[in-house]
Structures are given as C-alpha cells and as structure tokens.
Amino acid sequence: MTHKTITVGGLSRVEGEGALLVRARDGRIEDLELRIYEPPRFFEALLRGRSYTEPPDITARICGICPVAYQMSACQAIEAACGVEVTGPLRDLRLLLYYGEWIESHTLHVYLLHAPDFLGYDSGIAMAADHRDLIQQGLALKKAGNDLVAAIGGRPIHPVNVRVGGFYRVPSRRELAPAAERLRRAREIALRTVSWVAGFDFPDVEHGYRFLALRHPGEYAILSGALITSDGGSFGVREWPEHVIEEQVPHSTALHARLDGSPGYLVGPMARYSLNSAQLSPLAREAAAAAGLGPACRNPFLSIVVRAVEIVHACDEALRIIDDLAEPDAPYVPVEPRAATGHGASEAPRGTLYHRYRIDADGLIGEADIVPPTSQNQARIEADLRHLIEPRLDLPEEELATLCERAIRNHDPCISCSAHFLHLHVDSR
Amino acid sequence: MGASGRTPARGPGGARPRLAVWKFASCDGCQLTLLDCEEELLSVAAQVEIAYFLEASSAPGPGPYDLSLVEGSITTPDDLERIRHVRRVSTRLVTIGACATAGGIQALRDFADVREFLSVVYARPDYIATLDRSTPISAHVPVDFELRGCPIDKRQLLEVVSAFLAGRRPVVPPNSVCVECKARGNACVMVAHGTPCLGPVTQAGCGALCPAFDRGCYGCFGPMESPNVRALNRQLRELGMSTPELVRVYRTFNAGEEPFRQASEDADPELLGHEKAPGEDRGGRR
Amino acid sequence: MTAEARQPRAERDEPRPGLSRACTPVRPMTPELYRVRSRRADRVDTVTLQLVPVRGGCPPYLPGQFTMLYAPGVGEVPMSISGRASSGGYVHTIRAVGAVSGALCGKRPGDVVGVRGPYGTWWDIPAAAEMDVVVAAGGLGLAPLRPLVRELVRHRSRYGRISVIAGTRTPATLVYGPELARWRGNGVDVQVTVDHPDHVWKGPVGLVTRLLDRIVFEPRRTFAFVCGPEAMMRATADDLVGRGVAARRVELSLERNMKCGIGWCGHCQLGPLFVCLDGPVLSYERAARLLAVKEL
Amino acid sequence: METVVIRSLEPLIAELRARGFTVVAPKARDRVIRMDEIASESELPRGHGDEQAPGRYRLRERDDEMLFGFAASPDSAKRYTQPPSRTLFRMRGENIEEPEAEVPRVALLGIRACDLAALAVQDRVFLGGRHPDPDYRKRREALFLVAVNCAVPGGTCFCVSMGTGPKATAGYDLALTELAGPHRFVADAGSARGAEILRALPRVPAAEADLDAAERVSRTAAEHMGRQVDTEGIKERVAGAHDSPRWQQVASRCLTCANCTMVCPTCFCTTVEDSTDLTEGAAERIERWDSCFTLGFSEVGGSPVRGSGAGRYRQWLTHKFSTWFDQFGTSGCVGCGRCITWCPVGIDVTEELANLP
Ligand SMILES: Cc1cc2nc3c(=O)[nH]c(=O)nc-3n(C[C@H](O)[C@H](O)[C@H](O)COP(=O)(O)OP(=O)(O)OC[C@H]3O[C@@H](n4cnc5c(N)ncnc54)[C@H](O)[C@@H]3O)c2cc1C
Ligand code: SF4
Ligand code: SF4
Ligand code: SF4
C-alpha cells in the first residue's frame, strides 16, 4: 500500500495565496484540495446599506488585478436595476478602459507568471537575466495596458474615474494621445508575443471542458452580452441566479458554483475563445491561425496562446475605438435609483464576473451577490489536477508538485478576487 | 518610529539587500504596484534581491530579509502568528496600503457584527476562521514605515524602497491633497462647482487624481497630518451632504484610521447606538 | 580672524530690500564638493569632521556662522562651523540624531559631502573687547562656541575675565574635553555641570545656570555668548539679565528648520526674522520678545 | 509712446507668437476661467463672467461681448516665475550638474494690476536680497506682460485697500482697458519692447473720449471692490495681536489644507526633496512649493514649532500683513482675494483682520 501526500504550500505566481493538498492511496487520489488562504473580506455583507453609487469604488477593492472588471459589472448591474443603459461613446470608452485592463492583466500573466513555467525559470525576473529583451518587451506591452487604464481611469489600480452611468470626466483626445501612441507599438509586440508563446512545448492533454462565456451580437464579448455554454445553452444575465448556484461544500475549500445543476464548468480565455473566436478582430484571428489554434481550445496548457491572441485583439480593438471615438454629450447619463434588482456580467480577464444588487427607492443596497471567475473555475481546476496527477503518481514528488502548480497557473486563478473563498481549517472526516 | 534609517540597508558583506513581499487580507493591488513599475522593475531587481515574493516568483528564498513590504490586514488567528514571524525575519518592515496601515475596507466589520457578516456570505459560517476585527499591522508588531493609499502610489513605493536602501527618510509628505492639487493646476472642485471633497483632510500622495477627474477626493490615502474633520464636515453639509452620506464617506478604505472614525461618529453620534460601546478597545492604533 | 569680523554690527544689518548683487554663475542652491580630511569620534553619537574643498579654496567664515551640509542622496542640514581645518576648510561637530546627521557622521576620510555657505550672522566678538566674557553652552551648543573661545584665547589680553560654562547630559556626552583643559591653562575659567553624574564624576550636577554662581564677572561690563537648547538659552539669558548684564550684550544662537539657508524657503521664520539671514546669532534684546511668544 | 486704440487682439496675439512667445491668456475651462495657452482671440472667454465669494467660485454667462469681464483667475503669474517644482541639481559620483533652468518665453495676456503688484513683491523676495535667484531672474525676464485693467472686480477683491489696483500703473509691457460700444481696447506701453510691439499693430491714436471712457472703467471698478481692509497701522496691529483669542476661533474653521498659500501670488515658501535613483545611485534634489500650514514646515528636532492650527494661521496672516514689511519692506498681500475665494471653507482674511483687536 502506498500512501502519498503532495503539498504545494504557498502557491506562487498566482495573484493571491493558495495551496494544494493531494492525498493518494494505492494509485488513486482520495482527496484533492486547492486550499485558499485568502481570508474572507465580506464584500457582499459590507455593501448592504451603502449607496447605489458606491459599488464601483468598493468592489474594485476585491481585486487589484482586475478592478475595472469589477467596476464594469457593478455599474451595469446597478444601471440595469435603475433601467438605464449606457451606449454610444460612453460605452466605447468603457470598452477602451476594459481593453487596457485586459492587456495589462494578460501580459502580466503571460510574461511574468506563466512563461517562466515553459522556459524553466522561477520567475519573470529570474528569466530577465537570460532574456532581458523579451521581458522588457513584455513590460512595455504591460505598460501600454496600464497607461490606457490610467489615461481614462486616472490610475491602473482602482481607477477613480468610473461611476454609475459613465465617467466623472471624459479624457480629452490630447490626454489619450500618448496612450494611443504606445498602443500602436504594443500591437506589434502582441503579435510577436503570439508567435513566441506558440513555440513553447505543450503537454498533449485535452479535457472535455464545459465552457461558459458571454456572447455579444456585435463583438467578441467583453463588456456585455448574454451567456452561452458549450453544450448549447444560453440565458440572459438576469437569469443567472436560476442557472448558476453557489454552494458551500464541506469537503471543499471554496464556494463551488454549479451550472444548471452540475459542477465543473470553465470560464475564462479558453471558454471565450472556444465559444466566440469567430468574432475576434481579423488581426487576432490571423495570429491565432498562424499559432496553430483551431476554432476552439481544450488544452489548458495552450491557454497562454489564447491569452496572447486576446491581447492582440484588445490592442487592435482599442486602437480602432480610439481612432473613431466621438465626444459624448456628457460624461455620464444620470441614473436615478428605484426599488429593483439588477444583474450585470462582464468578461474579466479571468472569466465571467457576475454582480447582482437589490436596491431600494432611496438607492440603498439591500442585498449584493458577486460571483467571480475563480470561484466558478475552482471545481474544474481540481478536476484538471486529478486527471493530470492520477496517471503520474509515480513521478518524484517534487516534479509532481511543479506540474500541479503549472496546471493551476494555466487558469491564472486570481485568488484575491474570490470574494468568498474559504479558509477551511478542519477536514471532513 | 519614523524612518531615520541611519545606515543604508545592506546585506552582510555588502551583498544586495534582500527584499520580501508579504500578503495578508487584501486585494493584491499594492504588491501588484511593484510589478506595475514596468520601467523600473528590472533595475530594482538588479539592486535588490527579491527574495520572497509569491505573486511573482516560485522560488521563495529563506529569511532574514533586509526590507519586508507587508500588504494586507490581520483578520485571522493564523495571520496573527504569521505577522510575528514576518517581523522576526525582517530588519525593516514597511506596510504598504490602506489594509496594512489602517485595516482596509474589511475593517468595516469593526462597525458591525462579524458573525452576521459571515452569515450573509456563507451558508455554514462555522467553517470560517476569522477575527471579529480587521486590524493594521502596527496593532501587532512594530512597523518602521507606513505607506498609505488604496492602492499605494507607484512613485511613492519606489521612493520608499530607494530611501530605505539609501538610508534616508522617505519623502512622503503627510500634508493635504490640496497641496498636490494646486501644484498640479486643478481647479478646486469644492469651490468651483460645489462638489464635496475629502482632499483637505486627506494625505497627499496620489497626485490629486480625483479632482483632476472632476470628482471629489474620497480619502483613499487616509487622514493628513492635522485633519480638521469637524470644520470640513460643516462645509460638506453646506454642500448638501446628508448625515448618512457623511458617515459613509469616512467609512470606506480607511475607516480604521482614528480621525476618519471620529469624523464618521461626529457626523452622527446616534449611529453609535447599535455599535460597539465607546471606550471598548477598537483594536486600532495610536 | 578675518577683517570682516571686526566690522561694527550696523554694517552687517543692512536692510535687504533693494540690496542687489551680481548673480554667481553657480546657483546658490548647489553645493560645492568637500572631501572629508579627517574624522574624530567624540562620543558614541558625535563626530568631528575636517572638510576641505575638492577644488578651489573655501570662503572665509566668522565664528557663529553655519553651512548647509549635504550628505549625497540623503539630504542637507544646517551645521555650525566649529573651526577651520588645518589645510583650509571647515570643521564640523555633528551629532547623529536622524537620517542626514546620521549619514554625515558615517562619512570616512576621503568621502565627499556638499557644502553651501558659510551663512548667517556671527558672534559679535569685537563688541566684547575690554569686557568680562561669559560663554555658556548646553550640549552640542559648544560647537559654534568653540571657534569663538579660540579667538578669545588667541587674543586673551583684549578681554577681562573669560569664563566658559558648559552643561552636558552625562560626563560621557561632553565634547572637546582635551580642548577645555587647554583653555583652562590659557586663562579661561572652565566649569562643567552634568545632568546625570556617573560614579567618578565629582563636579557640579544640574542646570548650567547654576554655574553662574561659580564664576566671576562684572555684570555691567560683561558680554555673554550662549548656545544650547532653546529653554537653556532663555533660562541662562534671563539669569544673566537678572544679574545686570544688558540684554543687548547677551547673544544667542537659535535653531530653526532650514531648507535653504538663504531666505528662500521660509521655513526658519521667527516673527519678522529669517533665522538663516538675521540669525542664527541674535542679541537677547531682539530675541527675548520673539522667543516668549508660543509657536511664533 | 502715446496711448492708442486697437480694435482686435488678433494682431497682438499673432505678433507675440511671431516673436516667439507662447501666449497664455484666460480661457473658460474646467468650469473656471484659467490661464492657458491660446492661439487666437476666439479662445478668450467672450461672454463669460465669474462670481466669487468666500469659498465659492462660479462661472457665469454675461450678456455682452466683453472678453475680460471677470476678476482674478485661480492662476496668478506665480506658476511662471516660480514653478511648482524644479530640479536644483543632480549628483553622480563626484560630479554635480545643474540642469538648465526651464525658461518659458511666455506672454501673459490679461494679467491684472494685483498680479503685477505681486510680481513686484516676488522681485523683492527673489532678487532683492543677499542671495538673488538667477533662475527666477531668467524666468522673470522671459515674461512679456500684457495687463488688462479690471472692469468688474470680484466679490473677494480688495486691491484698492492694498493700493495695488484696479488700474495697472507699472510693471507691464502693455496695458489694455477693454471698452464696449464699439468693442475696442485702449492700449499703452510700459516698456520699450511693449512700445515696439504696439507700433507693429494696426491702431489709431486714442481720442479724448476713449481716454475718458477708460478712466471711467477703472474708477467704477475701484468703487465696486468686494471687500476692504483698514490698512492704517496694520503692521503693528497684527504683530501686536499675538495673544488674541481670535486665532483659536479661526483655527476651529481652518483645515490647515494650505490652499490659501498655494493660490497666493506672493507666497514663496518651498521645501527641498532629495532622492536617489535606484539604478545608478545618482542623487537629485528638487525644490517644490511648500506652505507654513504644513507641520513639517517648522519641524525642529522631530516636532513642529507651530503645531496648532492657530499658530499656523497666525503665522500666515501675520506674515502677509505684518512681518513681510520687516523682511521685504512691503506688504505681502496685494488684495487679489484668491485666498478668500479658494479657501474651501471660505475663511476671509479681510474679516479676520477686521476682527483682530
Ligand atoms: C544654525 C544651526 C546650526 C546647527 N549646528 C549643528 C551642529 O553644529 N551640530 C549638530 O549636530 N547639529 C547642528 N544643528 C542641528 C542639525 O541641523 C539637526 O540635528 C539636523 O538638521 C537633523 O537632521 P537629520 O536629518 O539628521 O534628522 P531628522 O531626520 O530631521 O530628525 C531630527 C530629529 O527628529 C527626530 N525625528 C525625525 N523624524 C521623526 C519622526 N517622524 N517622528 C519623531 N521624531 C522624529 C529624530 O529622531 C531627531 O531627533 C544645527 C542647526 C541649526 C539650525
Ligand atoms: S493674501 Fe490673499 S488676497 Fe492677499 S495676495 Fe495673497 S491670495 Fe491675494
Ligand atoms: S504666509 Fe506662509 S507660505 Fe506664505 S510666504 Fe509666509 S510663511 Fe510662506
Ligand atoms: S485658511 Fe482656508 S485655505 Fe488656508 S489653510 Fe485654512 S482652510 Fe485651508
């Protein structure tokens, strides 16, 4: 009888902190836990009693890596409750801001967190010793994203310019010009990035993922749309609660989300790409094809290529928007509170991010619910790990641990954004 | 305290000083700020050995560390232990951001019942180990410098790191946002359009961002050196802010800072009724 | 002593508005580089540095004046000149209390620092001629008084009785010990008191003012120079005035926050004065009223 | 040169630009009238006025064609003579280098009599002492000053009390008085280069009626000051009020935010900041605006001399109206009213002065 415990304590190069615990006996995995140390921060609770104008600023603080995503989902949920839709140039500006975050977040992951796995380094910084130009190019790409967010939002982390209904002030063309300039160079880098990462060695694995993502009739969905699944399902954002149920499972460390009754679906770049790749910008589609990606992608190790393709798309689309950006009449549309519940979802870099708010006639929040991508993927990541490990239990422990870490990083889990991951200190017996 | 680091931080034998980055309850934004120093990151890495930084590296080097940057607040019994460990292995400890410096937004639990908070989010609250307060690092261990902001400002972070390496006092002026606002050439939003603004009682550092975007400062850098919140509150009321709005505006990312706590309580003493009894230890500092 | 020091006071108190001078090519805020020639540790936290210019000569100074000393990359602070370096430069005695002073104290021979100055007013030594002289120091207040005493000793015969009284925290924190002994041998009455005696200390204990009873001077014909913490200076000056020394014959050296040393930054204002330009040395006649106002 | 009348500012703006000046003039932007770069007369705030009161500024529509129908803007000339921050020097190894001062060649079009008076005060501060500032001198000399005599003083103005306005009497290159019906400017030169530029413009000699009308504008303005100060014996009165309980009262309102000192055209205080470059160990020092309202300003030995708000407010008011005379032989206040308008809680120096014993 063999009994084996693999622990990867202090999971690195994921934003936030987590650990993996695997217990195996006789070649079978008995127990696998992706542990999250993230202490609970109670956002949904502390939002109650706040004004309907506050969630964009407050929920941004759930995650410093994708604050714009939180702001966008929050704004749209509240606007939906108040019966307002933000369209035209203001929506374009929102998209632009969002693309900035995508570029920044994806590049961070591709260059500093994920690529070192393929090239055998501990970190992007260590990698810079041998590949300084590469890392510098990645940093320039990342900066282009950050600069775009800062030009519109004021700063890259927790931007200050977003409000329910639009913006506080619309940046002038002059203010956007330097960011646009940088984007042009960034697009070139993004293209090079796709071919660079496409040349990595990828383990040959495929999973039968069930994907969930937004789809928008006119664009590769990021800011809004309706939800679709890879098994043909589709539903509107406001039907989310009927389809996605979050449960606290005693033997698990996180709230597990179930989609239409069953657990283990995936959101994020692979889901978006596999469901919507036809809507990518022509340049991004070309890059994907050249990189050998088909219309869908089910190898999690290839997610780095998908991210790179999405960066190309983001740069390309951002430039298109900047070039024909019209001056909005006002920086925001007025949003008057009314007693109602509103739902909002957008595609954070890591996947679909859903918000729901119930507000009263005075605009005070009675109830808030936030479902971040990482908590949705939690069960699926564990499943990936099981598949990966079970046939390889004979590998030396250290190697196995490294492999597991890599498998987790494929999904770029942003643990701090899991508004309500658990810290479980007792195992189930 | 203060930061009169007399000798530059250098590892033994003149080796590169060793930097560690730690995370407690937080959003990661402040440590991400280090990775957001795109133009400086590689130079920083050449000057300091980034010895422990889980967000960026899977090769955590062992202690001791010359400089530890600590993000996040203390909210769990385990973290209480961990921060003591961090202090033990760090020559200098600098907290980064509102969570580490004031308890962060999660300190709003201090004004409510944490059990109730738990039950709003979790079906089985009994699985959750959490403290009923979110406290700043300085409530538990001595801190050499506190860098404010939600999130911290990138230039200030670089300044603090280079000041500690050079052995000088970091240039982080504790005066009001107004000083930066005027230097930047903004028109005061309160005076020019009657928009309520916390700038006069908030510490500079962000570069007066909000007023530059036509909105009032919401205090994410915490109270300035001599905040006269009473005087500001009178003016904010003149500009039309209601009592609950006043209470809320101080109870966000720096609610745990005493002057802001005070300001929210001054705004509505009645709100104190269903909160913790006055005089009870608030787990804060100062 | 340079000729300037002999100028009567009126000439150095020119009204500034209207006074103009050709600009120097170097900005007044840019330091000249000086090299540490020698370093002597006076106490645990205090060192004396001899600084000599890296190139060119160094401008003359008068006892009581100060320089702005720059520890590269750390910062710049005012420091009294406590002597002339043997090869033409300045001597500074520095106590490490914070970042900049700490960095300066850490400088070794060969290291480079920045110097601007000398700045400020000086002790009115000529006015003390033919009089009894009382020099009172608290702690490191002895630093700017040292060149003054050396000047007095050099021209010993010009003055009546000369007394130096110094207060220090403990016997170990006293600076210039050997030099005090030399002054003693040169016709100067030197008395030292400590706040906290150790087991070997046999001298007086307590405030400097108590030493005034132990020295001999003719108040109406006395000139006094005082430097130390502000409370010590006020107490000493009040005591002297109470004994009949004219307030205009009591000079103090004040300490205020200084960022420029040349009247640009505004930090050192004391009512109508800029301590960097109108001070640091001031007669008690002018200073008494100002120091009496809280938070001026 | 005699006084002339010009019809339009377009030729003047073109001439200044042709001579290499960036023309900076009032513009309606960010809901205020601010000094900003312009290329043509059309960018001036035609038909805009302002309404100023303690702690309050509002842009207003005017029902006429006046280009300068408003009072002091939040910006004074200070930004151009003393920038908010500047690099003093850099040090690398044993080398010190002084970066060239940035000396913008700027024509300030539309500055007011109080601003000119403030420049004269600054000249005394930076050039009149033992240590003149060479950079200030350069920047000052690079400015071309086109004054516009005030027609509609703001609610917080008191230049008449301070003897500095509303009519510009000295210190300008050109001075204009805007007249309506027909819209025109009475212009005269205050310097040789002003006269030279004036000669290059289409102009007609001013008629008696033009001069009378211009005189009337300034007289009317003088009669409509929003505020006033009794300056009789003010230096002694303020200096003698050290112990007044009034300081405590104002301190209970004062935010110690420093806005008043930042907008004041004569407040000159600065601090320096030393930094080191992480890469190559190069050191740098910058100078930036500071204020007597900050705690660090008076810090000695780790604690401030002026710790209380009362002490800091007293320093500011006393400096402006009393000790400035001791230091620079002039008042530190020129009556522009900016500190009153831009104090977020509307603390009014004229009211505080009136209430001192
Ligand atoms: C005209 C003049 C002449 C002088 N001559 C001499 C001389 O000859 N020799 C000499 O040694 N000194 C002299 N000084 C004093 C000297 O200038 C100061 O000691 C020096 O400016 C201290 O600077 P620093 O950067 O080292 O310390 P700082 O960092 O400015 O700190 C100074 C003091 O404040 C404390 N402090 C700093 N920061 C804090 C904080 N955040 N909280 C609480 N406390 C804090 C420090 O512990 C220290 O006690 C003179 C001063 C003047 C004005
Ligand atoms: S003190 Fe006030 S009124 Fe006087 S010049 Fe300064 S800003 Fe203008
Ligand atoms: S009032 Fe204050 S900021 Fe202004 S010049 Fe005087 S001391 Fe400086
Ligand atoms: S007087 Fe007004 S502007 Fe000046 S510091 Fe006080 S509150 Fe701020």
Side-chain angles (χ1 to χ4, degrees), chain A residues 10-17 38-42 44-46 48 50-51 54 57-58 61-65 67 108 112-113 116 122-126 128 132 135-136 139-140 142-143 146 154-158 160-161 163 167-169 247-248 250 255 331 405 416 420 422-426, chain B residues 23-33 35-36 38-39 41-42 45 50 53-60 72 75-76 78-79 104-106 108-109 112 114 116-124 127-130 134 150-151 153 206 209-210 212-215 218 220 244-245 248 252-253:
Chain A
L11 208 54
S12 65
R13 282 184 282 139
V14 297
E15 297 94 353
E17 298 198 358
E38 195 64 27
R41 291 169 72 216
F42 306 118
E44 289 141 322
L46 59 85
R48 288 173 316 149
R50 308 290 305 201
S51 162
E54 295 185 279
D57 289 325
I58 291 181
R61 267 69 183 185
I62 293 176
C63 175
I65 297 135
L108 171 74
L112 294 178
L113 312 178
D122 293 328
S123 69
I125 294 161
R132 197 179 174 89
I135 291 292
Q136 232 147 18
L139 289 170
K142 180 166 170 312
K143 185 167 167 45
N146 269 341
R155 60 183 170 196
I157 304 170
H158 308 333
V160 301
N161 193 21
R163 62 178 291 168
F167 296 88
Y168 287 90
R169 179 170 74 75
E247 291 174 330
Q248 188 182 355
L255 291 188
E405 265 207 67
S416 43
H420 41 217
L422 308 189
H423 181 110
L424 192 68
H425 57 156
V426 216
Chain B
K23 176 189 155 67
F24 292 85
S26 65
C27 79
D28 274 40
C30 290
Q31 51 171 322
L32 183 66
T33 305
L35 296 179
D36 273 357
E38 288 98 359
E39 275 157 351
L41 185 63
L42 295 184
I50 301 180
F53 188 7
L54 279 187
E55 183 174 289
S57 168
S58 50
T75 57
T76 67
D78 286 355
D79 283 352
I105 183 143
Q106 55 274 18
L108 287 181
R109 75 181 69 185
V114 78
E116 200 217 327
F117 264 38
L118 267 171
S119 63
V120 171
V121 184
Y122 303 104
R124 296 285 307 271
Y127 294 142
I128 314 283
T130 186
S134 167
C150 183
D153 176 79
C206 64
L209 270 185
C210 289
F213 282 89
D214 246 14
R215 82 181 277 196
Y218 58 87
C220 80
E245 280 170 335
R248 285 199 299 264
T252 55
F253 317 108

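Order of the sequence lines fixes the chain letters, A, B, ..., with proteins taken first and strands second; residue numbering starts at 1 for each chain.
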Give, for atom [atom1] of [X] and atom [atom2] of [Y], the distance between the pair rounded to the nearest 0.5 Å.
X        : Y       : atom1 : atom2 : answer
A:Asn146 : B:Leu35 : CG    : CG    : 10.5 Å
A:Arg132 : B:Leu42 : CZ    : CG    : 4.5 Å
A:Ile135 : B:Leu41 : CD1   : CG    : 9.0 Å

Looking only at heavy atoms and a cut-off of under 4.5 Å, which of B:Cys206, B:Ala45, B:Ala212, B:Gly72 has the most pairs with chain A? B:Ala212

Go through the structure and list residues passing salt bridge (charged side-chain N to carboxylate O under 4.0 Å, His left out) with B:Arg248, not counting sequence neighbours. A:Glu54

Qualifying residues under salt bridge (charged side-chain N to carboxylate O under 4.0 Å, His left out), relative to A:Arg163, sequence neighbours excluded: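 Not a single residue meets the salt bridge (charged side-chain N to carboxylate O under 4.0 Å, His left out) criterion with A:Arg163.
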
Checking side chain to side chain donor-acceptor pair (under 3.5 Å) between B:Glu38 and each of A:Gln136, A:Lys142, A:Lys143, which is the one that passes? A:Lys142

A:Val160 vs B:Tyr218 side-chain heavy atoms within contact, under 4.5 Å: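 When only atoms from C-beta onward are counted, B:Tyr218 and A:Val160 do touch, with a gap below 4.5 Å.
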
Indicate the atoms forming the closest heavy-atom contact of A:Gly154 with B:Leu209, along with that distance.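 In terms of heavy atoms, the two residues are closest at O-CD2, 3.3 Å.
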
Restricting to non-hydrogen atoms, name the atom on B:Phe213 and the atom on A:Tyr168 that form the minimum distance, rounded to 0.1 Å. O-CB, 3.1 Å

Please flag which part of B:Cys220 lies under 4.5 Å from any non-hydrogen atom of chain A: side chain, backbone, both or neither.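 The side chain, not the backbone.
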
Shorter than 4.5 Å, heavy atoms on both sides: which option in A:His158, A:Arg169, A:Arg61, A:Arg155 has the most such pairs with chain B? A:Arg61

side-chain contact (heavy atoms from CB on, under 4.5 Å) assessment of B:Phe253 paired with A:Asp57: CA-CA 10 Å; B:Phe253 317 108; A:Asp57 289 325; 4.3 Å; yes

Among A:Ile157, A:Leu108, A:Leu139, exactly one meets side chain to side chain contact (heavy atoms under 4.5 Å, CB included) together with B:Asp36. Which residue is that?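 With B:Asp36 as partner, A:Ile157, A:Leu108, A:Leu139 yield a single side chain to side chain contact (heavy atoms under 4.5 Å, CB included), made by A:Ile157.
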
